[in-house]
Amino acid sequence: MVVDAYDFLSKTMSFTIPDVTSRVLGQQLIEAGPEVVLQFWRDPRALAAWGNPTVDVPLNRSGLVAPWVVIRVLNIVVGTDQAGNAVLVSVRFWGQSPGVSTVVTRIGWYVVPIQHLVTNLKNRLSGKAGVTLAPVRGPTGAASTTPLTRLP
């Protein structure tokens, strides 16, 4: 049975990419093997839908010993900021080949909590209150600002 990877994963990716972006630790699991995920990102419809990101496969091993596939998708457009600039995120997909599930990890996930810790420390020293927000426009065009320091 041949599966169209774009049709199979388009709804999953439309949830997973924003979810991984909004998580502090930036990780999610997809119930599809890494080969299917790679087919999805090589489809021109997926590239056009996500702002023509760069797809890279730094590791593609097959066989009995350590059969891993790692796929990097760089500069995915997840929305716009308040100034109208594109908000970009890069993610890494990895899993066993052949496999039935793939882990999605935001590249550079550790930078966001550190940035917010620095901002919160500056706010405490200057006597300001509040949280750091990530202004991203959702599918309806409305601003969706949620604190990135909060777990979903």
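Side-chain contact between V91 and I76: present, with at least one pair of heavy atoms (C-beta onward) separated by less than 4.5 Å. Within the 4.5 Å cutoff, side-chain heavy atoms of L9 are placed close to those of T12. V57 is listed as a side-chain neighbour of R42, based on a closest heavy-atom distance under 4.5 Å. Side-chain contact check for F93 versus I30: some heavy-atom pair is nearer than 4.5 Å. Using a 4.5 Å heavy-atom threshold, the side chains of L88 and V77 count as touching. No side-chain heavy atom of R92 sits under 4.5 Å from any side-chain heavy atom of I71.
Proximity of a side-chain donor or acceptor of S90 to a complementary backbone N or O of N75 within less than 3.5 Å is detected. In this structure, T102 contributes its side chain and A32 its backbone to a donor-acceptor pair below 3.5 Å. Looking at R61, its side chain never comes within 3.5 Å of a backbone N or O of W68 through a donor-acceptor pair.
Relative ring orientation between F40 and Y6 is described as parallel, the plane-to-plane angle staying below 30° on a 0-90° scale split at 30° and 60°.
No path of Ile, Leu, Val, Met, Phe, Trp and Tyr side chains, each step under 4.5 Å between heavy atoms, connects V70 with V73, placing them in separate hydrophobic clusters. Hydrophobic clustering of Ile, Leu, Val, Met, Phe, Trp and Tyr side chains at less than 4.5 Å, counting indirect connections, unites F8 with V104. When the side chains of ILVMFWY residues are joined at heavy-atom separations under 4.5 Å, either directly or via intervening members, V103 and V20 end up in two distinct hydrophobic clusters. Grouping the Ile, Leu, Val, Met, Phe, Trp and Tyr side chains by contacts below 4.5 angstrom, directly or via other members, places W41 apart from L29.
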Tell me, with the steps shown, if I17 and V89 meet side-chain contact (heavy atoms from CB on, under 4.5 Å). CA-CA 9 Å; I17 299 299; V89 66; 4.3 Å; yes

What do the steps show when you test T21 against V87 for side-chain contact (heavy atoms from CB on, under 4.5 Å), and what is the final call? CA-CA 10 Å; T21 303; V87 175; 5.9 Å; no

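For the residue pair T105 / W94, a side-chain donor-acceptor distance below 3.5 Å is found, with atom types taken as modelled.
Rounded to the nearest 0.5 Å, atoms OG (S14) and CG (D19) are 11.0 Å apart.
R45 and D4 are joined by a salt bridge, as a carboxylate oxygen and a charged side-chain nitrogen come within less than 4.0 angstrom of each other.
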